Amino acid sequence: MKITVIYGTPRKAKSSTYQIAQDFINLLSDGDHVKEFFLPKSMPHFCRGCWECFTDHTKCPDFEYVSPIIEAILEADLLILTAPVYVYHVPGQVKALLDHFGYQWMAHQPRKEMFHKQALLISTAAGAGTRSTIKDLKDSMNFWGIARTYAFGRNTHAVDWDSVDEKRKLLFRKDIIRIARKIKAASIHVTPCLKVKGLFYMMRLMHHKFRFNQADVVYWESHGWLEKKRPWDRDRQAI
Ligand SMILES: Cc1cc2nc3c(=O)[nH]c(=O)nc-3n(C[C@H](O)[C@H](O)[C@H](O)COP(=O)(O)O)c2cc1C
């Protein structure tokens, strides 16, 4: 399986989220090359709010950083995002990255390839906050149109991987194997979950009725999504 991983921090050996991600990757990659990005190095800037991307995403002032990341995501079957909990949410650099992809939310110009992809979100906290952190990430996955999203959020009761209790690591390992099996089984034929399809139809109605941003409407029309084509419909796209 082709995997692209975006790590929320540069920590490796000591990082619980990194070590958990390695476990998933070993179970899922089947020897395929894994593309890796580390934040904040791979996206060292905040979104400036210039709005250029909503008309043409290649005009983003940070396109030199956005471009390799989006290309790697488009090539992958599975996207893995990791984020330790920082004050109950994703670290700032993760939010800064996600802001750069606002243009490809379903309300604007989603990529049809996303509707055939799976994502795995990994978050660890010392004691609390993985739910809200996973939600920070999941909102973007759903609105990007990612077909299936899985979450692995766990409390480590530790500040680094070495100090995580061995019994706890064993429990993690059991769940990692279970979720990896699910991802593998679903990868044979990836179809969007009900939530993602529901969001698509809501946004379609909005574009039909209100036609807020001309660039978005033109984009949706050019894909035939305001007519009978659907981003997840491989057969119709091939015709
Ligand atoms: C700035 C900062 C904020 C944190 N905020 C929380 C928090 O809100 N809740 C919590 O349980 N742990 C919090 N932690 C602890 C980390 O989430 C926890 O140790 C996590 O497992 C670290 O992941 P890592 O080993 O991959 O770096 C925080 C750590 C840092 C550095």
Side-chain angles (χ1 to χ4, degrees), residues 1-29 32-47 62 65 68-69 72-73 76 78-101 117-142 144 146 148-183:
M1 189 180 300
K2 283 187 199 157
I3 301 176
T4 289
V5 198
I6 302 173
Y7 298 101
T9 74
R11 277 184 115 196
K12 281 187 172 178
K14 281 179 173 288
S15 162
S16 301
T17 47
Y18 179 86
Q19 295 301 333
I20 290 166
Q22 299 320 297
D23 215 353
F24 272 110
I25 291 165
N26 289 334
L27 290 167
L28 289 167
S29 69
D32 275 336
H33 179 66
V34 178
K35 288 205 172 157
E36 295 183 307
F37 297 90
F38 289 87
L39 297 174
K41 195 175 175 205
S42 296
M43 173 48 79
H45 301 297
F46 292 112
C47 168
D62 300 321
Y65 295 101
I69 297 175
I73 294 174
L78 175 70
L79 168 64
I80 299 179
L81 289 178
T82 77
V85 172
Y86 282 6
V87 290
Y88 258 58
H89 292 277
V90 290
Q93 59 268 22
V94 176
K95 180 65 165 61
L97 176 81
L98 295 175
D99 290 347
H100 283 85
F101 290 110
K117 294 188 191 300
Q118 303 196 84
L120 168 65
L121 312 174
I122 301 170
S123 179
T124 65
T130 56
R131 189 179 289 202
S132 40
T133 301
I134 293 279
K135 187 173 184 309
D136 291 339
L137 301 168
K138 196 154 195 286
D139 284 342
S140 279
M141 297 304 100
N142 286 339
W144 289 6
I146 294 279
R148 304 266 155 180
T149 301
Y150 307 83
F152 187 90
R154 293 294 182 279
N155 294 325
T156 59
H157 298 281
V159 292
D160 58 42
W161 188 239
D162 289 342
S163 45
V164 178
D165 184 76
E166 287 305 320
K167 276 190 198 149
R168 193 173 294 276
K169 282 185 184 171
L170 270 178
L171 288 176
F172 289 177
R173 174 81 182 147
K174 267 191 185 167
D175 288 342
I176 289 168
I177 292 171
R178 179 178 54 79
I179 296 170
R181 280 203 187 118
K182 261 189 175 177
I183 294 172

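Treat the numbers as computed from the prediction; the structure is a model and nothing was measured. Atoms within a ligand are numbered from 1 in the order they appear, just like the ligands themselves.
Not one N or O on the side chain of T124 forms a donor-acceptor pair closer than 3.5 Å with the backbone of N155.
With Y7 as the partner, the side-chain hydrogen bond (donor to acceptor under 3.5 Å, both in side chains) test is satisfied by one option alone out of E36, K12, K41: E36.
A cation-pi contact, defined as under 6.0 Å to the ring centre and within 45° of the axis, links K169 to W161.
Scanning for side-chain contact (heavy atoms from CB on, under 4.5 Å) contacts around I134 gives L121, S123, A151, with sequence neighbours left out. The side-chain contact (heavy atoms from CB on, under 4.5 Å) search around K135 returns D139, not counting sequence neighbours.
Protein residues are said to neighbour a ligand when one of their heavy atoms lies under 4.0 Å from it; for ligand 1 these are R11, K14, S15, S16, T17, P84, V85, Y86, V87, Y88, T124, A125, A126, G127, A128, T156, A158, V159.
Legend: salt bridge (charged side-chain N to carboxylate O under 4.0 Å, His left out) pairs involving residues 151-163, not counting sequence neighbours, sorted by first then second residue: K14-D160, R154-D175.
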